[in-house]
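These numbers come from the heavy atoms of this one structure, side chains and all, not from hydrogens, waters or symmetry mates. Indexing begins at 1, ligand by ligand and atom by atom, following the structure's order. We number each residue from 1, following the sequence as shown.
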Amino acid sequence: MTSQPQRPAFGTLLTSHMAVATYRDGGWSQSEIKPVEPLPISPAAHMLHYASTCFEGFKAFRRDDGSVHIFRMDRHILRLQQSARQLVLPQPDAAQVGEMVRAVIKSCRDAVPEAPGALYLRPIIFGTTANIGAATTPATEAMMVVLASPVWDYFASGPKPLRILVDDQNTRSAEHMGMVKTGGNYAAALAPIMNARAKYKADQVLFCPGGQVQETGAANFMLIREGELLTRSLDSTFLHGVTRDSLLTLGRDMGYTVSERKFDVLEMLDWVRTGEAALSGTAAVLAGVGTLIYAGTEHRVATGHVGPVTSSLRAKLIAVQQGELPDRHGWLERV
Ligand SMILES: *Cc1c(COP(=O)(O)O)cnc(C)c1O
């Protein structure tokens with residue numbers, strides 16, 4: 001391996017500018033591009049007390065010719081609208097969010113890293129109404145901000161098979177909130193994750209409420225065996241990942257059978273005796289699982305290494321994102 005310069009950790013570096021819009025009196029303001037700086041927010045703001053906040057995360061990729069291509073922004077904007085709706089926050093206008101994202105990219109075109117790096121885009125919407133008595137009332141004022149962060153290969157030192165604690169005791173979120181990308185869900189999952197790190201040296205927790213396999217704190221979960229991909233069917237209890245959808249689509253293109261249904265911990269443990277297990281999400285794309293820890297017992301996933309199908313699916317999606325394979329599904333938008 002060639003030696004890599006030291007890169008900042010994922011998400012720790014922001015570009016110089018952000019896009020901001022505010023909502024009051026029933027409408028969104030025009031958005032503005034501003035230097036990244038502290039926001040004027042009341043300490044009584046609704047989101048600080050009652051967690052009326054949601055976000056999105058997706059990537060844009062630079063090509064050798066200097067053009068920048070955003071991956072599946074339409075799907076991420078739809079999910080942002082869905083999250084805002086579920087939190088009774090003002091609905092963002094899809095065209096406005098798209099314009100804000102493009103404006104941020106234009107403000108920092110030169111900061112978009114070369115492949116395998118990317119520009120990670122992070123829109124947020126949160127309630128700003130200054131009223132500490134609004135515990136059961138929605139925010140009527142809000143702010144929308146789009147941040148951008150240069151990111152490099154998530155696995156700069158090579159893919160490492162993950163250790164995952166299988167948890168059938170805790171839930172990640174309330175059942176109707178799993179599909180909402182909202183801050184409270186991550187805060188709720190933190191204590192079980194920290195506990196799993198301390199007690200089992202686990203990288204992540206796979207939440208399996210009632211024994212049914214769901215997802216980890218910030219990634220979807222899939223199993224692979226004998227030409228079949230298995231993942232939980234969509235319901236309100238977990239986040240509907242765009243990476244999940246993209247990998248299932250590419251998997252079908254490659255001739256795999258895709259099964260979306262509920263499955264329990266025992267079925268999962270049977271699959272991993274010879275199969276593969278992996279986590280999917282925008283940041284890491286697809287990360288192989290080497291060990292599942294359940295009820296105090298370690299279960300090695302096949303050989304314990306990142307599986308061959310996991311590696312090839314991951315490589316395929318990255319190749320589409322970077323323009324090395326044709327964009328057959330119209331996933332990329334050039335800015
Ligand atoms: C963001 C997220 C994912 C992955 O979604 P992508 O659209 O693939 O990035 C999965 N689970 C949770 C809980 C998430 O927050």
Side-chain angles (χ1 to χ4, degrees), residues 10-11 51 53-61 70-84 86-87 97 101 118-125 147-149 151 154-155 162 164-165 167 170-193 196 203-209 212-223 229 231-251 258 260 277-287 289 310 313-314 316-318 320-321 329 331-332:
F10 189 97
T53 175
C54 56
F55 67 96
E56 267 309 316
F58 51 98
K59 284 175 174 169
F61 300 86
I70 316 173
F71 186 70
R72 303 196 78 177
M73 178 164 71
D74 53 339
R75 291 291 292 253
H76 288 278
I77 293 177
L78 278 174
R79 198 168 67 187
L80 184 67
Q81 292 178 314
Q82 170 192 290
S83 293
Q86 191 66 31
L87 295 165
V97 181
V101 170
L119 189 68
Y120 180 78
L121 294 149
R122 169 57 66 88
I124 51 175
I125 301 178
L147 298 171
S149 172
V151 295
Y154 204 78
F155 298 106
L162 300 171
I164 301 288
L165 180 69
D167 182 343
N170 295 291
T171 51
R172 186 189 150 252
S173 71
E175 277 192 17
H176 66 298
M177 294 304 279
M179 66 193 289
V180 183
K181 222 165 164 74
T182 183
N185 285 348
Y186 304 86
L190 260 186
I193 294 170
D203 297 298
Q204 288 298 335
V205 173
L206 178 61
F207 292 95
C208 306
Q212 298 294 316
V213 176
Q214 193 185 63
E215 66 168 335
T216 65
N220 294 135
F221 180 80
M222 63 178 76
L223 292 169
L229 309 180
T231 194
R232 185 179 171 114
S233 42
L234 298 177
D235 59 34
S236 69
T237 67
F238 75 102
L239 215 284
H240 301 179
V242 178
T243 314
R244 169 190 180 281
D245 181 77
S246 307
L247 290 164
L248 296 186
T249 302
L250 293 180
V258 172
E260 293 177 79
L279 305 185
S280 79
T282 292
V285 185
L286 191 63
V289 175
T310 300
L313 267 176
R314 177 173 199 269
K316 190 109 175 175
L317 179 52
I318 291 174
V320 172
Q321 291 175 327
H329 301 281
W331 286 340
L332 293 163

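- The distance from ligand 1 to the heavy atoms of Arg172 drops below 4.0 Å at these ligand atoms: 13 (C).
- Remark: ligand 1 atoms within the under-4.0 Å shell around heavy atoms of His76 are 7 (O).
- With a 4.0 Å cut-off on non-hydrogen atoms, Tyr186 touches ligand 1 through its side chain and not its backbone.
- Residue-to-ligand polar distances keep Ser280 apart from ligand 1: every N/O pair is separated by 3.5 Å or more.
- Taking the ring centroids of Tyr120 and Phe10, they lie under the 6.0 Å cut-off.
- Per-residue contacts place Gly241 under 4.0 angstrom from the following atoms of ligand 1 (heavy atoms of the residue considered): 5 (O), 6 (P), 7 (O), 8 (O).
- Figure legend: Arg172 and Tyr186 shown as a cation-pi pair, the cationic atom lying under 6.0 angstrom from the six-membered ring centre and within 45 degrees of its axis.
- Of all atoms in ligand 1, numbered sequentially from 1 with element shown, those under 4.0 Å from a heavy atom of Ala219 are 10 (C), 11 (N), 12 (C).
- For atom 7 (O) of ligand 1, the nearest non-hydrogen atom from the set Thr216, Leu279, Asn220, Val242 comes from Val242.
- If you check which protein heavy atom lies closest to atom 8 (O) of ligand 1, you get Thr243 OG1, 2.6 Å.
- Of the polar atoms of Thr282, at least one N or O is found under 3.5 Å from an N or O of ligand 1, judged by distance alone.
- For a threshold of 3.5 Å applied to N or O pairs, the pair formed by His240 and ligand 1 contains no separation below that value.
- In summary, the atoms of ligand 1 found under 4.0 Å from a heavy atom of Gly217, numbered by their order in the structure, are 13 (C).
- Only the side chain of Leu239 comes within contact range of ligand 1, with a heavy atom under 4.0 Å; no backbone atom does.
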